[in-house]
Amino acid sequence: MCIGQLGNLLPHVTLSANLAQHLMPAWGLSAAEGGLMASGYAFGYMLAVPVLTTLTDRLDARIVLLCGSVVSGMATMAFGIFAQGFWSGTIIWSLAGLGFAGAYMPGLKALTDRLPAGDTSRAVTLYTSSFSVGVGLSFLVAQVLADRWGWRTAFYVTGVGPIAMVIACLLIGGHRPVPRTGRLLNFAPVFANREALGYILGYGAHCFELYGIRTWLVGFWTFVVAHQGGPSWMTPVLMSFCFAVISMPASILGNEAALKFGRHRAITVVMVASACVALVIGLNATAPAWVLALLLLMYGLTVPADSGALTAGMSAAAVSEHRGATLALHSTVGFGLSALGAWGTGVALDMAGGPQSAGGWLLVFIVLAAGIALGPLALLWARRAGAEGVARRT
């Protein structure tokens, strides 16, 4: 499943990886328009994931996963063939996100349905952290192909990646979920589960920060190289790849810290640290390239370190008969705020001077820091609400 996910993620940041250097100049887009086009992926995901993930409570998640993977790959290739500007690009990229909605959380459900009883947090964390390796490969392949053969080629090739998950789906055994009755989109039991809801809202803050920095990472490093120079090998391709790949061990270690010190405590420490690193980067946007490279690598550790712990905490807190609905709300909130993160940072960049302005990048990182700082507040609210509920019952 993890190998299949690497293939499904190959298209994931193909647009973001080529936004600042290729698509915005070719189509004359502002940062806000570029961010909005990138957010189309998360928006399409957000619209489709409630239905597709909740369906996995009623039929084998493998079927949803197979169909979503096919749509994701075909839409990515369609972008390379048909996209001609902002509107066509946004619509097609939203369809790619819609396909991925059937490929990520349904994949997690297909995995957890086949795991033995007991603590599954390490398996869940391995699956979620392999997301980072897939994104790193997406950054690498998309930029190398675009620089050598044009950005359309990058979409053609990365669109083939989801075939890996199609093969994985054909290799794993079937699973028949327990028959369900009632409405398909019934999230009332999930909203009543304050413990799970706290992790879901915290995940939303995490996704806001993560998608915001992924959308503009290549653009930021392009600014750094243009204004501060640096060694010739320190390219946007290398920086974006390293930033993404180190996320995997960071997510695994974050979950191990959560198991040892407690989820709420570990997640809160990571989120506060990430907000601080973002502010330091923004305030030092004109520092030497090697200083910013070190800060970005540090940020690459703090941004994803809470991901596995948040998703594993949500999965553990979910009531078994409503796990699909819980996963659906988890993804809806997460990718809804991902869309806001991509667009909001683009708006901030335009407001403060654009991609060639240090002030613009300062405001981008302030917005990212403010977004992740809401995560600990969500966890605190969930803990207090849960404690008040226990007190009333006793």
Side-chain angles (χ1 to χ4, degrees), residues 2-3 5-10 12-14 16-17 104 121-122 124-144 203 205-222 224-225 230-231 233-260 266-267 269-282 284 287 289-312 334 338 341 364-365 368-369 371-372 375:
C2 291
I3 292 171
Q5 186 181 200
L6 296 183
N8 256 349
L9 284 162
L10 200 59
H12 193 70
V13 291
T14 303
S16 297
Y104 181 53
S121 65
R122 286 191 172 93
V124 171
T125 298
L126 182 62
Y127 179 84
T128 56
S129 60
S130 65
F131 196 111
S132 304
V133 178
V135 171
L137 290 174
S138 182
F139 267 123
L140 177 64
V141 173
Q143 290 179 84
V144 169
Y203 181 71
H206 158 79
C207 288
F208 178 94
E209 178 188 39
L210 179 64
Y211 211 78
I213 185 59
R214 279 180 178 166
T215 299
W216 295 109
L217 178 60
V218 172
F220 175 64
W221 196 253
T222 301
V224 172
V225 171
W233 54 267
M234 203 177 285
T235 63
V237 176
L238 178 65
M239 291 304 301
S240 57
F241 176 74
C242 291
F243 185 94
V245 169
I246 63 175
S247 298
M248 183 174 186
S251 183
I252 294 173
L253 291 174
N255 184 66
E256 292 299 316
L259 292 174
K260 184 173 182 179
I267 292 170
V269 169
V270 167
M271 287 179 166
V272 171
S274 196
C276 292
V277 174
L279 289 175
V280 171
I281 294 174
N284 293 277
W290 68 268
V291 173
L292 288 167
L294 292 176
L295 288 172
L296 277 176
L297 291 178
M298 189 182 302
Y299 199 39
L301 292 172
T302 61
V303 169
D306 53 2
S307 175
L310 285 164
T311 303
S338 292
V364 165
F365 283 100
L368 293 176
I372 193 61

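- Of all heavy-atom pairs spanning L6 and S130, the tightest one is CD2-O, 3.4 Å.
- Checked by atom type and distance alone, the side chain of S338 pairs as donor or acceptor with a backbone atom of G334 at under 3.5 Å.
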Does F365 form a side-chain contact (heavy atoms from CB on, under 4.5 Å) with V280? I'd like the steps, not just the answer. CA-CA 9 Å; F365 283 100; V280 171; over 6 Å; no
Might you work through the side-chain contact (heavy atoms from CB on, under 4.5 Å) test for L10 and V141, ending with a clear yes or no? CA-CA 8 Å; L10 200 59; V141 173; 4.1 Å; yes
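- Taking each heavy atom of F139 and R214 in turn, the nearest pair found is CZ-O, 3.6 Å.
- Between the CD1 atom of I267 and the OG atom of S307 there is a distance of 9.5 Å, given to the nearest 0.5 Å.
- A donor-acceptor distance shorter than 3.5 angstrom exists from the side chain of S251 to the backbone of G308, with no hydrogens or angles considered.
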Just list the side-chain donor-acceptor pairs under 3.5 Å for residues 240-250, sequence neighbours left out, or say none.
unit_1, atom_1, unit_2, atom_2, d
S240, OG, Q143, NE2, 2.7
S240, OG, P236, O, 2.8
S240, OG, V237, O, 3.1
S247, OG, F243, O, 3.2
S247, OG, A244, O, 3.1

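- With contacts defined as side-chain heavy-atom distances shorter than 4.5 Å, the pair L137/L9 does not qualify.
- Pairing each heavy atom of M234 with each of V225, the nearest pair is O-CG2, 4.0 Å.
- Taking OG1 of T222 as the reference point, atom CH2 of W216 lies at 11.0 Å (rounded to 0.5 Å).
- In this structure, the side chain of H206 does not engage the main chain of I372 through any donor-acceptor pair within 3.5 Å.
- Under the side chain to side chain donor-acceptor pair (under 3.5 Å) criterion, S274 pairs with E209, T302, not counting sequence neighbours.
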Could you go through L217 and Y299, starting from their C-alpha distance and side-chain angles, then the distance that decides it, and tell me whether this counts as side-chain contact (heavy atoms from CB on, under 4.5 Å)? CA-CA 11 Å; L217 178 60; Y299 199 39; over 6 Å; no
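- For the pair W221 and L296, the tightest heavy-atom approach, listed with the atom from each and the gap, is CE3-CD1, 3.6 Å.
- Once rounded to the nearest 0.5 Å, the distance linking OG1 of T215 with CZ of F220 reads 15.0 Å.
- Smallest separation of non-hydrogen atoms from L210 and V303: CD1-CG1, 3.5 Å.
- A distance of 9.0 Å separates CG of L301 from CG of L253, quoted to the nearest 0.5 Å.
- The 12-atom threshold is exceeded at CG of L297, counting heavy atoms of other residues, nucleotides or ligands nearer than 6.0 Å.
- In this pair, Y104 and Y127 present their aromatic rings parallel. The plane angle is below 30°, not in the 30 to 60° band.
- A distance of 9.5 Å separates CG of N255 from OG1 of T311, quoted to the nearest 0.5 Å.
- Atoms NE2 and OG, on H12 and S138 in that order, are 7.5 Å from each other to the nearest 0.5 Å.
- The two atoms that bring V135 and V13 nearest to each other are O-CG2, 3.8 Å, heavy atoms only.
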